[in-house]
> 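Questions regarding the structure given below will be posed in turn.
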Amino acid sequence: MNKSSLLWQANIDNQVALWRFMGADTLNLQGELWHTSVSWPNKLWPDKLHNGLGEDMLHLLSDALAPSTVVPVWTGLHQECPETLPGLAKTGELVQMYLDLQDYEQSIGTDKVELVHVQDQTSLQQWWQICQQAFGYDIDIEVMRRLMAESAVRILMAVNNGQPLGTALLLTTGRVVGLHQFGVAPAFQGQGLAKQMLLQILALAKTWPVDYMTLQASSAGLGLYTKQGFVQQGKVHSYMLSPG
C-alpha cells in the first residue's frame, strides 16, 4: 500500500478503535466477522473493509439491524454511494481528513478558550451536556465513563471564564491521533471559538509522539479544517434501515 492508502486505512482504524473502546460485541454473518456497538454510537461495521456489499449480505444486515443501528461504508473521496441499498437508506456522509503534524506550522491562538482535561465525574457530566447540545443527539454517559478510564483517550472540554462551551475527544492509535466529538454548544457558535479550540488541540498534539491527526468532517467543518492544512482522503457514508 502507498502512503495515501496507509493514511486512509489509519483514519478508519482510529475511528473503529474508538467504537471498540466504547463497547462492542462480535457477530458472525455468513462466515464474516462484524462488530456491533452495545449502546451509543449504535454502529455495525465489518472486521475487514468490503469493496462492495453483496445483495445477500445487505438483506442479512437489514434483517439483523435494530432501527437505530448505523452501518458505515467507507469509499474514496470521489466515489459516490447510492441513496438507498437493499433494505437500507443513506442518512449522511462525512469527509475523512488528515494533517501531517510534522509539517504543521503552529498558529497563535487567543486566551478566549482554555482546554480542560476531563478526569472526574463532575467535569464529565458537564462535557456530556455540552456535547449533546453541540451535536443534537443523546449520548450514553456510561460509554463516556468507560472512555475516561482508557489511557489512549483524552477527553477535553473548552472553557471560557469557567463556562463550559465546547468538547473534543482524542484517541491515539500508533503514530496517529484521531479527533472526535469536536463541537461547540449552539449558544456559543459563530464566535470563532471552534478555531481557537482546534489551534490549542493541534498545539497539544504537536507535543505528543504522533505524526498525524485524523478526523471525519461534516460539510460545516470542512472550511475550518482545510484552513489549518487538513487534507481530504475519502468519505464515510452512513446507512440505516429504510423506513417501512
Side-chain angles (χ1 to χ4, degrees), residues 11 14-15 17-18 21-22 41 94 97-137 139-141 143-218 220-230:
N11 190 315
N14 186 276
Q15 188 176 22
L18 178 62
F21 277 129
M22 288 174 162
L94 299 173
M97 306 184 80
Y98 79 92
L99 177 68
D100 187 332
L101 291 168
Q102 307 306 309
D103 294 338
Y104 172 69
E105 295 185 5
Q106 189 170 327
S107 300
I108 299 175
T110 69
D111 58 0
K112 282 186 179 180
V113 173
E114 175 190 0
L115 285 184
V116 175
H117 183 189
V118 174
Q119 302 180 79
D120 60 78
Q121 296 301 322
T122 299
S123 297
L124 183 64
Q125 185 82 17
Q126 294 176 316
W127 186 98
W128 173 69
Q129 292 172 340
I130 293 295
C131 197
Q132 290 184 125
Q133 293 172 24
F135 286 90
Y137 54 65
I139 293 172
D140 186 345
I141 195 169
V143 170
M144 298 311 305
R145 290 193 175 107
R146 190 179 303 125
L147 289 177
M148 190 169 65
E150 295 290 345
S151 60
V153 174
R154 179 76 64 94
I155 301 174
L156 298 171
M157 181 165 61
V159 177
N160 182 19
N161 293 325
Q163 173 65 58
L165 53 86
T167 63
L169 185 155
L170 298 176
L171 171 63
T172 302
T173 49
R175 304 291 296 183
V176 170
V177 58
L179 174 59
H180 307 274
Q181 300 302 134
F182 179 76
V184 176
F188 301 99
Q189 292 175 4
Q191 303 176 36
L193 298 176
K195 178 181 177 181
Q196 298 307 317
M197 286 172 57
L198 182 59
L199 291 178
Q200 291 198 38
I201 289 169
L202 289 171
L204 175 63
K206 286 277 287 185
T207 69
W208 291 0
V210 294
D211 298 322
Y212 299 96
M213 179 174 285
T214 61
L215 54 82
Q216 301 81 40
S218 67
L222 276 176
L224 171 64
Y225 300 128
T226 299
K227 287 178 181 177
Q228 295 305 317
F230 281 84

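These figures come from a predicted structure and were not determined experimentally. We're numbering straight along the sequence, starting at 1. Side chains included, hydrogens not; waters and symmetry mates left out as well; all remaining heavy atoms used.
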> Please check if the side chain of Arg175 supplies one atom and the backbone of Asp211 the other of a donor-acceptor pair under 3.5 Å.
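No, Arg175 side chain to Asp211 backbone: no donor-acceptor pair under 3.5 Å.
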
> If I take atom CD from residue Gln163 and atom CD from residue Gln126, how far apart are they, to the nearest 0.5 angstrom?
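Between atom CD of Gln163 and atom CD of Gln126 there are 8.5 Å.
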
> Near Asp120 CG, under 6.0 Å, is it more than 12 heavy atoms from other residues, nucleotides or ligands?
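Counting neighbours around CG of Asp120, more than 12 heavy atoms of other residues, nucleotides or ligands fall under 6.0 Å, so yes.
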
> Measuring only between side-chain heavy atoms, which start at C-beta, is Val177 closer than 4.5 Å to Leu171?
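Contact flag for Val177/Leu171 side chains = no.
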
> Measuring from atom CD of Gln129 to atom CD of Gln133, what distance do you get when rounded to the nearest 0.5 angstrom?
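The CD atom of Gln133 is 7.0 Å from CD of Gln129, to the nearest 0.5 Å.
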
> Take Met148 and Gln121 through the side chain to side chain contact (heavy atoms under 4.5 Å, CB included) test and state the conclusion after the steps.
CA-CA 9 Å; Met148 190 169 65; Gln121 296 301 322; 3.4 Å; yes

> From Leu147 CG over to Arg154 CZ, what is the distance, rounded to the nearest 0.5 angstrom?
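With rounding to 0.5 Å, CG (Leu147) is 14.0 Å from CZ (Arg154).
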
> How close do Ala17 and Thr173 get, counting heavy atoms only, and between which atoms?
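Shortest heavy-atom contact: CB-CG2, 3.9 Å.
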
> Has Gln102 got a side-chain atom pairing as donor or acceptor with Val210's backbone, closer than 3.5 angstrom?
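Yes, Gln102 side chain to Val210 backbone: donor-acceptor pair under 3.5 Å.
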
> Would you check, one step at a time, whether the test side chain to side chain contact (heavy atoms under 4.5 Å, CB included) holds for Ile139 with Gln181?
CA-CA 11 Å; Ile139 293 172; Gln181 300 302 134; 4.1 Å; yes

> Compare every heavy atom of Lys206 with every heavy atom of Tyr104, then report the nearest pair and how far apart it is.
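Residues Tyr104 and Lys206, closest heavy atoms: O-NZ, 3.2 Å.
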
> Between CG of Asn14 and OH of Tyr98, what distance do you get to the nearest 0.5 Å?
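Reported to 0.5 Å precision, the distance equals 15.5 Å.
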
> Which atom pair, heavy atoms only, marks the closest approach of Phe188 to Pro164?
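Shortest heavy-atom separation between Phe188 and Pro164 comes out as CE1-O, 3.9 Å.
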
> Looking only at heavy atoms, which two atoms of Ala168 and Ile201 are closest? And how far apart?
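Closest pair (atom of Ala168, atom of Ile201, distance): CB-CD1, 3.6 Å.
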
> Can you name the nearest heavy-atom pair linking Ala217 to Leu222, along with the distance?
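In terms of heavy atoms, the two residues are closest at CB-CD2, 4.1 Å.
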
> What I want to check is whether the side chains of Gln216 and Asn11 have a donor and an acceptor closer together than 3.5 Å.
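On atom types as modelled, these side chains qualify, holding a pair under 3.5 Å.
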
> Is Val184 close to Met197 at the side-chain level, that is, under 4.5 Å between some pair of heavy atoms?
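A side-chain contact exists here, since the closest heavy-atom pair is under 4.5 Å.
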
> Which heavy-atom pair separates Ala134 from Ala185 by the least distance, and what is that distance?
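Reported closest heavy-atom pair: CB-N, 4.1 Å.
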
> With rounding to the nearest 0.5 Å, note down the distance linking CG in Leu179 to CG in Leu198.
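Taking CG in Leu179 and CG in Leu198, the distance rounds to 7.0 Å.
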
> Between Trp127 (side chain) and Leu156 (backbone), is there a donor-acceptor pair under 3.5 Å?
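The answer is yes, because a donor-acceptor pair under 3.5 Å joins these two groups.
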
> Heavy-atom distance under 4.5 Å between the side chains of Leu224 and Phe182, does that happen here?
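Leu224 reaches Phe182 side chain to side chain.
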
> Compare all side-chain heavy atoms of Thr167 with those of Leu169 and state whether any distance is below 4.5 angstrom.
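Not touching, per the 4.5 Å side-chain cut-off.
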
> Under the side chain to side chain contact (heavy atoms under 4.5 Å, CB included) rule, what do His117 and Ile155 come out as? Steps first, then yes or no, please.
CA-CA 6 Å; His117 183 189; Ile155 301 174; 5.5 Å; no

> Flag the pair Leu124 / Arg145 as yes when at least one side-chain heavy-atom distance between them is below 4.5 Å, and no otherwise.
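A side-chain contact exists here, since the closest heavy-atom pair is under 4.5 Å.
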
> Taking Glu114 for its side chain and Val159 for its backbone only, find out whether a donor-acceptor pair lies under 3.5 Å.
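Side chain of Glu114 to backbone of Val159, a donor-acceptor pair under 3.5 Å: no, none is there.
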
> List the steps, then state whether side chain to side chain contact (heavy atoms under 4.5 Å, CB included) holds for Leu99 with Leu101.
CA-CA 6 Å; Leu99 177 68; Leu101 291 168; 4.1 Å; yes

> Are Val113 and Asn160 close enough that some pair of their side-chain heavy atoms sits under 4.5 Å apart?
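They are not in side-chain contact.
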
> Could you grab the distance from atom CE of Met157 to atom SG of Cys131, nearest 0.5 Å is fine?
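Nearest 0.5 Å value for the CE-SG distance: 11.5 Å.
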
> With side chains defined as the heavy atoms from C-beta onward, is the minimum distance between Val176 and Met213 less than 4.5 Å?
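Not in contact.
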
> Is the number of heavy atoms from other residues, nucleotides or ligands within 6.0 Å of NZ (Lys227) greater than 12?
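Check fails, neighbour count at 12 or below.
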
> For a 4.5 angstrom cut-off between non-hydrogen side-chain atoms, does Thr226 reach Phe230?
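Result no, sub-4.5 Å side-chain heavy-atom pair not found.
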
